[in-house]
A.B. asks: 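Could you have a look at this structure, given as structure tokens, before my questions?
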There are 2 protein chains.
Amino acid sequence: MEGRAARSVKKPAARHIPEATVARLPVYVRTLLGLADEKTSTISSERLAELAGVNAAQVRKDLSYLGSYGTRGVGYDVEYLLFQMSRELGLTHDWPVIIAGVGNLGRALANYGGFGERGFPVAALVDADPKKVGKAIGGIEIRHVDDLPDIVAEHHAAIGIIATPAAAAQDVADRMVAAGVSSILNFAPAIVTVPDGMSLRKVDLAVELQILSFYQQRRTEPDADRTVASAGGEG
Amino acid sequence: MEGRAARSVKKPAARHIPEATVARLPVYVRTLLGLADEKTSTISSERLAELAGVNAAQVRKDLSYLGSYGTRGVGYDVEYLLFQMSRELGLTHDWPVIIAGVGNLGRALANYGGFGERGFPVAALVDADPKKVGKAIGGIEIRHVDDLPDIVAEHHAAIGIIATPAAAAQDVADRMVAAGVSSILNFAPAIVTVPDGMSLRKVDLAVELQILSFYQQRRTEPDADRTVASAGGEG
DNA sequence: CGGACTTTGTGAACGCAGGCACGAGCGGGG
DNA sequence: CCCCGCTCGTGCCTGCGTTCACAAAGTCCG
């Protein structure tokens, strides 16, 4: 119930946090980082909600899952909240990632320095094409996908990014799992399955565009009872 | 209630389709395209569910929102279902898209030919940097962001993709809206708001990685009552 | 020192989404 | 022609997520 007063660093018993809340935490973190930059020391749930694009009650409920870190009548201490959330999200140390597939997307991800800055350095690039192996992109050497077990062990990498063509996605995922990766972010337009207990998320650009197309279609169409609704951006 | 028997092309009164269903339709379409390629003419909800990575009852419920296009005791006609879903999603014609921001990501998106093939040709690239204007990427000329209204009008583009730095995202979104774009896909790590009635979706790589980091953290941590749960891939 | 004001934390209600289970309807075989 | 088996379509139930509304708790000022 305190922990803030005593500035306790202990984690409050790892309660269960709803997935929807977990998905919003990174947004709060980013917002808070911006506030910290401009020397804001305290923030109310209402203002944070506005900046993060959600409901104020939602913010309070989300933050309450982490613990009672607010002060009634005042708000939340930006730095302290940031610290707690970073710890909860595991952002207190780096998470090296392995990118599989050096195509257009893989190259862009490798060149994009933003990951490293945000705590997700690219540990290695892998590809199945022997002709690409040995070259480097963004200062990172491309290695063969067969080396995955070694790479994972070398870098203690637990997160894999699949940026291969759809046909290779499941195979690469299986290899990653076998090599010890336990979190996968899949960009390939294919359904990938992983064993229980692992994390899998997907980002599918074509799907996103087609969802937009659906609502666009309904708006444009001179049809019947079209119920215009905002295509809720992210659940 | 029939429409399949008579091969009717009329749309069944545009009932309301839940957003969760809309998000799965593109996956079904992709799966069906694969089936059509290998000359499968009929598919059961169970098999389609397996291929799409969802529950069979879910498939049937989803498809029932479109109409009663199945045949009891048999399944769904692949071609016909594909036709209906494509029409519903608005994939019967192209949707030109405008990409704003020619950085790493913008370049990758422009170079990636997959969009054009899937019905989302890149109509134009825009950037605020005069030095980039006039150059071309992937065969598409870069124009200045001030030209947005003209570009939208020329190409009848209704979909915009934001691939700018976070700081510019809201401004670009506002310009797009003013120019007549009514669907936006935001890749910038920033909260963007648009007027009611418009569609906005976001894809945030840092957020995705941080969500993975959260669950990874909980798995790795030698802490208390960690409840290992799969980080549900996409809602 | 006390009272008014502010903001959190959370109980309760509501709505959406997912999954089971079963009736309805269609095709095929005898 | 009838019966059997298969698969769709959907009513119902359950669980999750969101929002409202309010009591609890702290601050500030006179």
A.B. asks: Using atom OH of A:Tyr65 as one end and atom P of C:dG11 as the other, report the distance to the nearest whole Å.
C.D. replies: 11 Å
A.B. asks: Between B:Asp174 and B:Gln170, do the side chains contain a donor N or O and an acceptor N or O under 3.5 Å apart?
C.D. replies: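 Yes.
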A.B. asks: What's the CG-C1' distance between A:Asp77 and C:dT7, to the nearest Å?
C.D. replies: 15 Å
A.B. asks: Quick check for you: among D:dA21, D:dT18, D:dT27, whose closest atom lies nearest to any side-chain atom of A:Lys61?
C.D. replies: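 Of the options given, the side chain of A:Lys61 lies nearest D:dT18.
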A.B. asks: For B:Ser44 and for A:Asp62, locate the closest nucleotide of DNA chain D by heavy-atom distance; then report the residue assigned to the nucleotide nearer the 5' terminus.
C.D. replies: B:Ser44
A.B. asks: Measure the shortest side-chain to side-chain distance between B:Asp204 and B:Glu208 over non-hydrogen atoms and say whether it is less than 4.5 angstrom.
C.D. replies: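 B:Asp204 does not reach B:Glu208 side chain to side chain.
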A.B. asks: Are B:Leu109 and B:Ile161 packed together at the side-chain level, in the sense that at least one heavy-atom pair is separated by less than 4.5 angstrom?
C.D. replies: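 With C-beta onward as the side chain, the pair touches.
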A.B. asks: Answer yes or no: are there more than 12 heavy-atom neighbours, outside A:Gln58 itself, under 6.0 Å from its atom CD?
C.D. replies: yes
A.B. asks: Between A:Arg60 (CZ) and D:dA25 (C1'), how many Å, whole number?
C.D. replies: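 After rounding, the gap between these two atoms is 14 Å.
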A.B. asks: Using whole Å, report how far CD of A:Glu19 lies from P of D:dG15.
C.D. replies: 18 Å
A.B. asks: What nucleotide among D:dG17, D:dT18, C:dG18 has an atom nearest to a side-chain atom of B:Arg24?
C.D. replies: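 The answer is C:dG18.
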A.B. asks: Rounded to the Å, how far apart are A:Leu81 CG and C:dG9 C1'?
C.D. replies: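 Going from A:Leu81 (CG) to C:dG9 (C1'), I get 14 Å.
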A.B. asks: Identify, between A:Val74 and A:Ser64, the residue whose nearest nucleotide on DNA chain C lies closer to the 5' end.
C.D. replies: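 By nearest-heavy-atom nucleotide position, the 5'-most residue is A:Val74.
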A.B. asks: Could you state the OH-P distance from A:Tyr76 to C:dT7, rounded to the nearest angstrom?
C.D. replies: 12 Å
A.B. asks: When you measure from the side chain of B:Trp95 to the backbone of B:Gly90, do you find a donor-acceptor pair of N or O atoms at a distance under 3.5 Å?
C.D. replies: yes
A.B. asks: Rounded to the Å, how far apart are B:His16 NE2 and C:dA17 P?
C.D. replies: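 Taking atom P of C:dA17 as the reference, NE2 of B:His16 is at 8 Å.
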A.B. asks: Taking only the side-chain nitrogens and oxygens of A:Ser45, find out if one of them lies under 4.0 Å from OP1 or OP2 of C:dT8.
C.D. replies: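 So the side chain of A:Ser45 is within the cut-off, an N or O lying under 4.0 Å from OP1 or OP2 of C:dT8.
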A.B. asks: Does A:Glu88 pair with B:Arg218 as a salt bridge, N-O distance under 4.0 Å?
C.D. replies: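 Between B:Arg218 and A:Glu88 there is a salt bridge, with a charged N closer than 4.0 Å to a carboxylate O.
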A.B. asks: Flag this pair as yes if the NZ/CZ of A:Arg87 is under 6.0 angstrom from the six-membered ring centre of A:Phe83 and inside a 45 degree cone about the axis; otherwise no.
C.D. replies: yes
A.B. asks: Whole-Å distance between C:dG9 P and A:Arg72 CZ?
C.D. replies: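 Rounded to whole Å, this separation is 6 Å.
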A.B. asks: For DNA chain C, what residues of residues 46-59 of chain A have any heavy atom nearer than 4.0 Å?
C.D. replies: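 Result for residues 46-59 of chain A: none.
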